[in-house]
Amino acid sequence: MRTTIVRIGNSRGIRIPKAMLEQCHLDNAVELEVQDGQLVVRPAEGPRLGWDDAFRRMREQGDDTLLDDEPVSAGEWDRTEWEW
């Protein structure tokens, strides 16, 4: 498909037909990248994409235990570590 670049304030933009947006699963947020002189537009990934699977694998492997020793209550920490 051929389209034109349009002025949007000091920037430029392109109009993407609805069918192409749906086909590419593009919503409001996208990531732009230049690869070999071509503009690549892809859906923006969420900041925690894949965390559920990673945590599930950790649990299955027994790697989901706390690394700290027994938690210290705030009151005890205040008494022993804080300089008044």
Side-chain angles (χ1 to χ4, degrees):
M1 168 182 285
R2 187 176 185 109
T3 188
T4 58
I5 297 175
V6 296
R7 181 179 293 273
I8 304 173
N10 290 331
S11 299
R12 306 291 185 269
I14 57 171
R15 292 185 181 101
I16 304 171
K18 181 180 179 182
M20 287 183 128
L21 292 171
E22 291 173 350
Q23 187 177 5
C24 296
H25 307 288
L26 297 177
D27 197 12
N28 290 328
V30 296
E31 293 183 12
L32 301 176
E33 183 179 346
V34 177
Q35 291 181 355
D36 298 323
Q38 297 181 357
L39 177 63
V40 177
V41 182
R42 68 173 58 91
E45 296 180 352
R48 293 172 181 84
L49 186 66
W51 282 23
D52 287 340
D53 291 333
F55 290 141
R56 179 184 45 75
R57 286 192 305 275
M58 287 174 65
R59 183 182 64 243
E60 290 169 356
Q61 297 171 5
D63 191 25
D64 62 343
T65 58
L66 290 174
L67 299 177
D68 295 339
D69 293 333
E70 188 70 26
V72 177
S73 70
E76 180 183 343
W77 186 89
D78 283 340
R79 285 190 301 279
T80 60
E81 300 295 326
W82 189 258
E83 292 184 27
W84 296 95

**Asked** Nearest 0.5 Å, what's the CD-CD distance between E45 and E31?
**Response**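 Reported to 0.5 Å precision, the distance equals 6.0 Å.
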**Request:** Find the distance between CZ (R59) and CG (D64) and round it off to the nearest 0.5 Å.
**Result:** 7.5 Å
**Asked** Do V34 and V41 share a hydrophobic cluster, counting only Ile, Leu, Val, Met, Phe, Trp and Tyr and linking them when any side-chain heavy atoms are less than 4.5 Å apart?
**Response**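 No, because V34 and V41 fall into different hydrophobic clusters, even though each may have its own neighbours under 4.5 Å.
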Would you check if [X] and [Y] make a side-chain contact, meaning some heavy-atom pair closer than 4.5 Å?
X	Y	value
V40	L32	no
M1	M20	yes
I14	V6	no

Taking atom [atom1] of [X] as the centre, does the number of heavy atoms from other residues, nucleotides or ligands within less than 6.0 Å exceed 12?
X	atom1	value
R15	CZ	no
Q23	CD	no
I5	CD1	no
E33	CD	yes

**Complete:** Only residue of V30, D27, I16 satisfying side chain to side chain contact (heavy atoms under 4.5 Å, CB included) with L21 is I16
**Complete:** Heavy atoms of P43 and C24 approach each other most closely as CG-O, 3.6 Å
